[in-house]
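Numbering of ligands and ligand atoms starts at 1, following listing order.
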Amino acid sequence: MQEQKFRILAINPGSTSTKIGVFDNERPILEKTLRHDLETLQQYQSVADQYAFRKQTILDALDEEGINLSKLSAVCGRGGLLRPIEGGTYRVNKQMLEDLRKGYSGVHASNLGGILAYEIASALNIPAFIVDPVVVDELEPIARISGFALIERRSIFHALNQKAVARRVAKQLGKRYEELNLIVAHMGGGITVGVHKKGRVVDVNNGLDGEGPFSPERAGTVPAGDLVSLCFSGEYDRDEIMNMLVGKGGLVSYLGTNDAVKVEKMIEAGDEKAKLVYRAMAYQVAKEIGAASAVLAGNVDAIILTGGLAYGKQFVKEIIDRVDWIADVIVHPGENELQALAEGALRVLLGEEKEKVYPSGKFATATVLR
Ligand SMILES: Nc1ncnc2c1ncn2[C@@H]1O[C@H](COP(=O)(O)OP(=O)(O)O)[C@@H](O)[C@H]1O
Ligand SMILES: CCCC(=O)OP(=O)(O)O
């Protein structure tokens with residue numbers, strides 16, 4: 001029988017970039033990172049306001065590359081802060097669009113993924129999907145306890161890339177993902193460290209707004225009492241404080257840039273503050289990996305470092321020096337999200353997997369305290 005052929009456009013809006021890919025089945029024919037500098041993004045009041053800018057940037061890039069939109073079979077976007085759901089491929093529907101537009105579980109660039117996919121796909125009369133959104137929730141009950149009864153820990157992380165890279169490493173090791181205990185540190189605009197226990201992410205820091213290592217643009221865990229004092233100092237409103245934690249935290253707050261490549265240049269030029277802060281970011285990632293190894297009681301098959309920051313040789317070395325006593329460290333710089341999006345859509349188009357209907361599972365009617 002002749003192989004079915006599908007052309008899929010994958011769209012991955014991150015905090016500092018929009019990545020796009022065009023795939024013929026699983027074969028990439030175009031992959032492009034459209035970087036957005038801080039000044040450009042800061043012109044927009046909210047992530048939702050960036051929609052028209054990002055859509056035009058995507059369409060211009062496809063046009064420049066000579067991609068004929070009418071040849072597309074489907075568009076797949078990275079899913080955002082929806083209701084918590086199990087992993088899988090979901091068709092973009094009305095409820096999903098509503099939740100993405102209002103930021104049901106918060107605001108993040110990936111909220112635009114499903115919206116951009118839908119808008120581009122519906123003009124072409126083809127389906128739009130999302131795969132493994134940032135709200136994939138497989139936490140064990142013990143991991144949900146925060147330490148204060150009104151606040152529950154939430155699973156918000158780089159689910160798409162963490163799972164895709166973990167599967168790739170399992171294949172390299174000649175095992176199934178479901179057989180292994182892995183710690184995956186995704187280090188991009190945000191940083192999340194996931195505990196993958198036999199194929200389920202049973203614990204992970206909420207990489208969006210206030211847990212775990214600081215990142216190029218996020219504050220991560222900060223001392224709670226001091227944060228409360230800042231909130232009630234009378235100098236800042238809620239949005240300003242949230243912007244400090246997400247977008248203007250981390251490297252941005254100390255060094256004025258979210259670009260680790262620039263920070264490395266500052267260090268090369270002898271900037272001692274830049275060196276200290278950059279090393280501190282690696283130190284906090286290593287600490288989080290140590291904590292993750294305790295969740296697995298030390299039974300760790302491998303530690304995986306991935307995301308844009310994993311290209312930084314010195315940064316990666318700082319982490320490895322602190323954690324390689326736990327398990328072998330495997331470095332997969334960058335991410336595999338576009339490929340993972342395309343493959344997720346393809347599995348459904350080929351009928352290998354059933355598309356899931358949003359919202360689903362035990363969280364379908366969940367309300368999130370915010
Ligand atoms: N070669 C490199 N060396 C060090 N850091 C890098 C390199 N390439 C990208 N980065 C850094 O990785 C971060 C972005 O990671 P990425 O995974 O692309 O983020 P996101 O998808 O969240 O926008 C930025 O701080 C960027 O400067
Ligand atoms: C919301 C968790 C995912 C995340 O932080 O993505 P970016 O690093 O792309 O901002």
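- The distance from ligand 2 to the heavy atoms of G189 drops below 4.0 Å at these ligand atoms: 8 (O).
- Among all non-hydrogen protein atoms, the one lying nearest atom 6 (C) of ligand 1 is G308 O, 3.3 Å.
- Inclusion of H108 in the set of residues having an N or O under 3.5 Å from an N or O of ligand 2 is warranted.
- Scanning the protein heavy atoms around atom 25 (O) of ligand 1, the nearest turns out to be N258 O, 2.8 Å.
- For atom 2 (C) of ligand 1, the closest heavy atom belonging to the protein is Y311 CB, 3.2 Å.
- Counting atoms of ligand 2 from 1 in the listed order, those under 4.0 Å from a heavy atom of G190 are 5 (O), 7 (P), 8 (O), 10 (O).
- For atom 21 (O) of ligand 1, the nearest protein heavy atom (residue, atom name, distance) is K19 NZ, 3.2 Å.
- Put simply, no part of K262 is less than 4.0 Å from ligand 1, judged by heavy atoms.
- Only the side chain of R78 comes within contact range of ligand 2, with a heavy atom under 4.0 Å; no backbone atom does.
- When the heavy-atom distances from atom 10 (O) of ligand 2 to E337, H158, R218, E335 are ranked, the shortest goes to R218.
- Closest to atom 22 (O) of ligand 1, if we only count protein heavy atoms, is G189 N, 2.9 Å.
- Protein heavy atom at the shortest distance from atom 26 (C) of ligand 1 is A260 N, 3.9 Å.
- In this pair, F214 and Y254 present their aromatic rings tilted. The plane angle is within the 30 to 60° band.
- The shortest N or O to N or O distance between H186 and ligand 2 is not below 3.5 Å.
- Checking each of K198, K197, K163 against E138 for a salt bridge (Lys or Arg N to Asp or Glu O under 4.0 Å) leaves exactly one that passes, namely K163.
- At a heavy-atom distance under 4.0 Å, no atom of N12 approaches ligand 1.
- Protein heavy atom nearest atom 23 (O) of ligand 1, with residue, atom name and distance: T16 OG1, 2.6 Å.
- Heavy atoms of R35 found under 4.0 angstrom from ligand 1 belong exclusively to the side chain.
- Of all the atoms in ligand 2, the ones that sit under 4.0 Å from a non-hydrogen atom of I156 are 1 (C).
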